[in-house]
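Beneath this line is the structure, given in structure tokens, with notes to follow.
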Amino acid sequence: MDYLYYLANASLSLRVVEYLHSSNLPVSFVTVIHQIEGWIVRVKMSRYLEPQQHGDFRAYMNELGVPFEPGIRIQMALWGLETGQSPIDVMHRYQVAVVSHGQPDREEIEEFRKQFVQGLGYCPETLA
């Protein structure tokens, strides 16, 4: 079971990661990709959720963002990560910024945000 959402900023991505850590959902992996205009978060479950869990999780995600239909480049990047390609290879091949892939990791998102802001010298709205 796959959930793919577009979120406006880093804080919302962090909220998803925190939610997944506090839930008992069967998360297989989480992928977080940063784009200039926002964040793509994919949550892959290891099994189908019960209808109540599915509805609750979708409602939570819909509060934070919108379901996302990726273009071919993002589709290929997500497929590459799922099939075991390294995030570095995927970033080079598909020109996307893979912030995190695997177990939900708050630290990777925060470190990416910190380094990006340092490099720019200011904090864009999507990194807030």
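As a basis for the values below, the full set of heavy atoms in this structure was taken, side chains included, without hydrogen atoms, waters or symmetry mates.
- The shortest side-chain heavy-atom distance between Ile33 and Val99 does not fall under the 4.5 Å cut-off.
- A heavy-atom distance below 4.5 Å is not found between the side chains of Val27 and Lys44.
- The backbone N or O of Pro70 sits less than 3.5 Å from a side-chain atom of Gln75, completing a donor-acceptor pair.
- Between the CD atom in Glu63 and the CG atom in Leu12 there is a gap of 11.0 Å [rounded to 0.5 Å].
- Side-chain atoms of Asn62 come within 3.5 Å of backbone atoms of Arg58 as a donor-acceptor pair (strictly under, hydrogens ignored).
- Looking at every heavy atom in both residues, Tyr94 comes nearest to Ala77 through CD1-CA, 3.7 Å.
- For the atom pair OG1 (Thr31) and CG (Leu78), the distance works out to 6.0 Å, reported to the nearest 0.5 Å.
- Cluster annotation: Ile72 and Val90 are assigned to the same hydrophobic cluster (Ile/Leu/Val/Met/Phe/Trp/Tyr, side-chain heavy-atom contacts under 4.5 Å, transitive).
- Using a 30° and 60° split on the angle between ring planes, Tyr60 and Tyr19 fall in the parallel class, below 30°.
- Proximity of a side-chain donor or acceptor of Tyr6 to a complementary backbone N or O of Gly38 within less than 3.5 Å is detected.
- If you chain together hydrophobic residues whose side chains sit under 4.5 Å apart, Val43 and Leu4 never meet in one group.
- Rounding to the nearest 0.5 angstrom, the gap separating the CD1 atom in Ile74 from the CD1 atom in Ile40 is 4.0 Å.
- For the pair Arg47 and Met1, the minimum side-chain heavy-atom distance is 4.5 Å or more.
- Residues Phe29 and Trp39 do not share a hydrophobic cluster, defined by chaining ILVMFWY side chains whose heavy atoms lie under 4.5 Å apart.
- When atom types are taken as modelled, the side chain of His21 and the backbone of Pro104 share a donor-acceptor pair closer than 3.5 angstrom.
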Check step by step if side-chain contact (heavy atoms from CB on, under 4.5 Å) holds for Arg93 and Gln85. CA-CA 10 Å; Arg93 185 172 292 124; Gln85 294 177 29; 2.6 Å; yes
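- Between the Arg42 side chain and the Asp2 main chain, no donor and acceptor come within less than 3.5 Å of each other.
- By the rule that hydrophobic residues join a cluster once side-chain heavy atoms approach within less than 4.5 Å of another member, Val41 and Val98 end up as members of separate clusters.
- Hydrophobic clustering (side-chain heavy atoms under 4.5 Å, transitive across Ile, Leu, Val, Met, Phe, Trp, Tyr) keeps Met91 apart from Ile36.
- Distance check: Gln103 CD to Ser28 OG gives 7.5 Å after rounding to the nearest 0.5 Å.
- Ring pair Phe57/Tyr3 is perpendicular by interplanar angle, where above 60° counts as perpendicular and below 30° as parallel.
- Among all heavy-atom pairs drawn from Thr83 and Gly80, the shortest one is OG1-O, 3.1 Å.
- Here the straight-line distance linking atom NZ of Lys114 with atom CD1 of Ile109 works out to 15.5 Å at 0.5 Å rounding.
- Looking at Ser100, its side chain never comes within 3.5 Å of a backbone N or O of Glu108 through a donor-acceptor pair.
- Proximity of His101 to Val32: side-chain heavy atoms (C-beta onward) are nowhere separated by under 4.5 Å.
- In this structure, the separation between CE on Met61 and CZ on Phe68 is 12.5 Å, given to the nearest 0.5 Å.
- In this structure, the side chains of Asp105 and Val17 stay at 4.5 Å or more apart for every pair of heavy atoms.
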